[in-house]
Amino acid sequence: MLKTPPLSVYVHMPWCVRKCPYCDFNSHVAPARLPAEDYVQALIADLEQDLPLVWGRPVGSVYFGGGTPSLFSASHIATFLSALRARLDLRPDVEITLEANPGTVEHDSFAAYAQAGVNRVSLGVQSFSDKLLKQIGRIHGSAEIDQALQSLSVAGISNFNIDLMYALPGQSLAQSRRDVERAVAAGPAHISYYQLTIEPNTAFAVQTPALPVDDLAWDMQQAGIDALATAGYGQYEISAFALAGLQSRHNVNYWRYGDFLAVGAGAHGKITSPSEGAVLRYAKHRQPKRYLQGSCSGDWLAEKRRVTVDERVFEFFLNQLRLKQGVHIDDFSPRTGLSWKVVEERVQMAINSGLLEAVQKRLKPTSLGWRFVNDVQQIFLP
Ligand code: SF4
């Protein structure tokens with residue numbers, strides 16, 4: 001029987017100062033004058049149209065992602081949050097995250113964003129090395145990182161994440177270790193540590209720089225995981241590490257196959273509708289210009305579809321197997337509408353192959369399963 005899982009709200013802010021050569025997100029170079037006011041009004045109208053999907057459901061987290069949300073002023077963020085609060089029931093302890101890039105937070109201080117209601121920041125640091133930041137086309141250097149960290153400290157925002165990449169062009173193992181040490185020294189609650197990969201349709205896919213070989217990238221990953229563990233950052237997802245109790249609630253809801261209301265250009269949502277017996281996925285128009293036209297036409301939706309029964313099984317395992325604590329067996333039926341019997345045979349096969357183990361009410365990847373998590377996920381392909 002389908003039941004509604006926890007609900008989050010994702011808000012996409014699609015502009016950046018410059019497009020990074022490795023980036024395949026829905027981000028666009030910001031025009032000289034950002035249509036911030038029009039965009040916020042479009043977000044509110046878009047939200048309004050989605051409300052019937054989630055009437056009466058409390059919201060546990062809100063995430064402003066991008067793009068570079070910190071290109072928007074604190075007052076624009078406040079306007080959207082007030083509109084959200086007026087229309088949906090935000091839990092008293094709601095987590096509200098704003099992604100920010102060093103070098104773009106001069107628009108407003110973090111204290112101003114905190115006053116607007118933001119209580120968590122995700123900072124796109126990527127590396128502390130000026131040389132490596134230049135290699136990957138970032139607009140900021142270590143001086144801007146220091147300023148952003150200082151601004152966070154003045155604002156009293158201790159719940160912040162640092163995004164850090166490894167296997168950057170020309171990066172040595174010692175440099176990757178130093179980056180992790182610098183990140184830890186900044187005292188974030190959370191660190192996302194992930195490998196630079198070359199994605200299709202990016203500038204790096206056309207002109208690919210020389211990257212560290214696989215063995216070196218593996219060593220960087222392992223050294224990072226070890227250093228983070230020593231510093232008290234527990235790995236709870238493939239690329240996510242946090243101090244005790246400070247995991248990203250928003251991302252955990254995503255990985256546990258929770259629901260997402262999505263507003264903004266190119267935003268993707270997932271909503272469970274027990275009355276229709278359906279799990280719905282939908283996406284908003286991707287191009288900011290097309291999205292903004294929604295304010296006249298009332299049309300923000302680019303696609304909407306029901307997730308098939310087989311896809312629900314795969315999506316559920318694909319997401320929950322990203323979590324180190326493994327699959328919550330009790331989530332399966334309410335979130336897919338299916339009986340556990342449907343997957344029993346495949347689960348047993350994974351257990352027999354030494355990839356998963358049953359621990360209380362969870363199915364945990366073994367160390368072998370964790371190493372080959374993609375293969376484990378594929379067992380649940382339709
Ligand atoms: S700042 Fe982030 S979202 Fe913007 S282009 Fe660079 S990687 Fe993409």
Among the clusters formed by ILVMFWY side chains lying less than 4.5 Å apart, do V154 and V121 turn up in the same one? no
Ignoring hydrogens and geometry, is there a side-chain-to-backbone donor-acceptor pair from S297 to Q293 under 3.5 Å? yes
Beyond-backbone contact of L168 with S127, side-chain heavy atoms, under 4.5 angstrom: yes
Side chain to side chain, R18 and V29, heavy atoms closer than 4.5 Å: no
Return the OH to NZ distance between Y282 and K304, rounded to the nearest 0.5 Å. 8.5 Å
Between T68 (side chain only) and L71 (backbone N and O only), is there a donor and an acceptor less than 3.5 Å apart? no
Determine whether Y194 and Q126 satisfy the following criterion, side chain to side chain contact (heavy atoms under 4.5 Å, CB included), listing intermediate values before the conclusion. CA-CA 9 Å; Y194 57 100; Q126 316 310 353; 3.1 Å; yes
Using a strict 4.0 Å threshold on nitrogen-to-oxygen distance, state whether R138 and D130 make a salt bridge. no
Flag yes if more than 12 heavy atoms outside D214 fall under 6.0 Å of its CG atom; otherwise flag no. no
Taking the side chain as every heavy atom from C-beta outward, state whether Y291 and D46 have any atom pair closer than 4.5 Å. yes
Between A148 and F110, the two heavy atoms sitting closest are O-CE1, 3.6 Å
Flag, side chain of Q320 to backbone of H328, donor-acceptor distance under 3.5 Å: yes
Which is it for Q348 and N352 under the side-chain hydrogen bond (donor to acceptor under 3.5 Å, both in side chains) test, yes or no, and what are the steps along the way? CA-CA 6 Å; Q348 199 51 52; N352 293 345; 3.1 Å; yes
List for me each residue that meets salt bridge (charged side-chain N to carboxylate O under 4.0 Å, His left out) alongside D38, sequence neighbours excluded, and say none if there are none. none
Say whether, by atom type as modelled, one donor and one acceptor occur between the side chain of E48 and the main chain of L51 under 3.5 angstrom. no
Cationic N near anionic O, under 4.0 Å, D299 to R290: yes
dist S339:OG -> F332:CZ (nearest 0.5 Å) comes out at 7.5 Å
Please report the C-alpha distance between D24 and T202 in whole Å, then the side-chain angles of each, then the deciding distance to 0.1 Å, and finally whether the side-chain hydrogen bond (donor to acceptor under 3.5 Å, both in side chains) criterion is met. CA-CA 6 Å; D24 71 337; T202 61; over 6 Å; no
Pairing of K324 and E237 as salt bridge, 4.0 angstrom limit: no
Can you confirm whether the side chains of S142 and E144 place a donor and an acceptor under 3.5 Å from each other? no
Determine the minimum heavy-atom distance between N101 and G124, stating which atoms define it. OD1-CA, 3.7 Å
Only pairs under 3.5 Å count here: list side-chain donor-acceptor contacts from residues 252-268, not counting sequence neighbours, and write none if there are none.
unit_1, atom_1, unit_2, atom_2, d
N253, ND2, P6, O, 3.3
N253, ND2, S8, OG, 2.8
N253, ND2, D259, O, 3.4
R256, NE, D331, OD2, 3.0
R256, NH2, D331, OD1, 3.2
R256, NH2, D331, OD2, 3.0
Y257, OH, E315, OE1, 2.6
D259, OD1, K270, NZ, 3.1
D259, OD1, T272, N, 3.3
D259, OD1, T272, OG1, 2.8
D259, OD2, R57, NH1, 3.0
D259, OD2, R57, NH2, 3.1
D259, OD2, T272, N, 2.8
D259, OD2, T272, OG1, 3.2
H268, ND1, G266, O, 3.0

Closest heavy-atom contact between V11 and V62? CG2-CG1, 4.2 Å
Just checking, any donor-acceptor pair under 3.5 angstrom between side chains of Y236 and H190? yes
Below 4.5 Å, heavy atoms only, C-beta onward: do Y193 and I162 meet side chain to side chain? no
R91/V59 under side chain to side chain contact (heavy atoms under 4.5 Å, CB included): CA gap, chis, key distance, verdict: CA-CA 6 Å; R91 286 189 185 280; V59 173; over 6 Å; no
Please lay out, stage by stage, how V376 and Q378 fare under the test side chain to side chain contact (heavy atoms under 4.5 Å, CB included). CA-CA 5 Å; V376 187; Q378 281 180 22; over 6 Å; no
With rounding to the nearest 0.5 angstrom, report the OH to CG distance, Y63 to L98. 9.0 Å
Could you verify whether a donor N or O on one side chain and an acceptor N or O on the other, from S75 and S73, lie under 3.5 Å apart? yes
Taking atom types as modelled, is there a side-chain donor on T79 or H76 under 3.5 Å from an acceptor on the other? no
Taking all non-hydrogen atoms of both residues, which atom of D50 and which atom of K284 are closest, and how far apart? OD2-NZ, 2.7 Å
Would a distance-only check, ignoring hydrogens and angles, find a side-chain to backbone donor-acceptor pair under 3.5 Å from T366 to G354? yes
Can you check whether Y166's main-chain N or O pairs, donor with acceptor, with Q195's side chain at less than 3.5 Å? no
Heavy-atom count around E345 CD within 6.0 Å, excluding the residue itself: above 12? no
Under 4.5 Å between side-chain heavy atoms, counting indirect links through other Ile/Leu/Val/Met/Phe/Trp/Tyr residues: same cluster for F241 and W218 or not? no
Rounded to the nearest 0.5 Å, how far does OG of S295 lie from CH2 of W300? 5.5 Å
Salt bridge R306-E311, side-chain N to carboxylate O under 4.0 Å: no
With the side chain counted from C-beta on, respond yes when S129 and Q135 share a heavy-atom pair under 4.5 Å apart, and no when they do not. no
Validation row: P169, L196 side chains within 4.5 angstrom (heavy atoms): yes
In short, P102 meets H140 closest at the heavy-atom pair O-CB, 3.2 Å
Spacing of L211 atom CG and L216 atom CG [to the nearest 0.5 Å]: 10.5 Å
Hey, are the side chains of Y233 and P188 touching, using non-hydrogen atoms and a 4.5 Å cut-off? yes
Can a donor-acceptor pair be found, under 3.5 Å and without considering hydrogens, that links the side chain of S353 to the backbone of L355? no
Check I271 against L53 and note the closest heavy-atom contact, atom names and distance. CG2-O, 3.7 Å
Checking the side chain of E99 only, and the main-chain atoms of G66 only, is there a donor and an acceptor separated by less than 3.5 Å? yes
Do Q147 and I145 come within less than 4.5 Å of each other through their side chains, counting heavy atoms only? no
Could you go step by step and tell me if R249 and V94 meet the side chain to side chain contact (heavy atoms under 4.5 Å, CB included) rule? CA-CA 9 Å; R249 273 192 255 156; V94 64; over 6 Å; no
Check whether any side-chain N or O of D163 sits under 3.5 Å from a backbone N or O of V125 as a donor-acceptor pair, and report yes or no. no
Roughly how far apart are L81 CG and L90 CG, rounded to 0.5 Å? 7.5 Å
So, are D330 and R362 salt-bridged, with charged N and O less than 4.0 Å apart? no
Side chain of S333, backbone of L338: donor and acceptor closer than 3.5 Å? yes
Residue pair Q222 / D226, side-chain donor-acceptor N/O under 3.5 Å: no
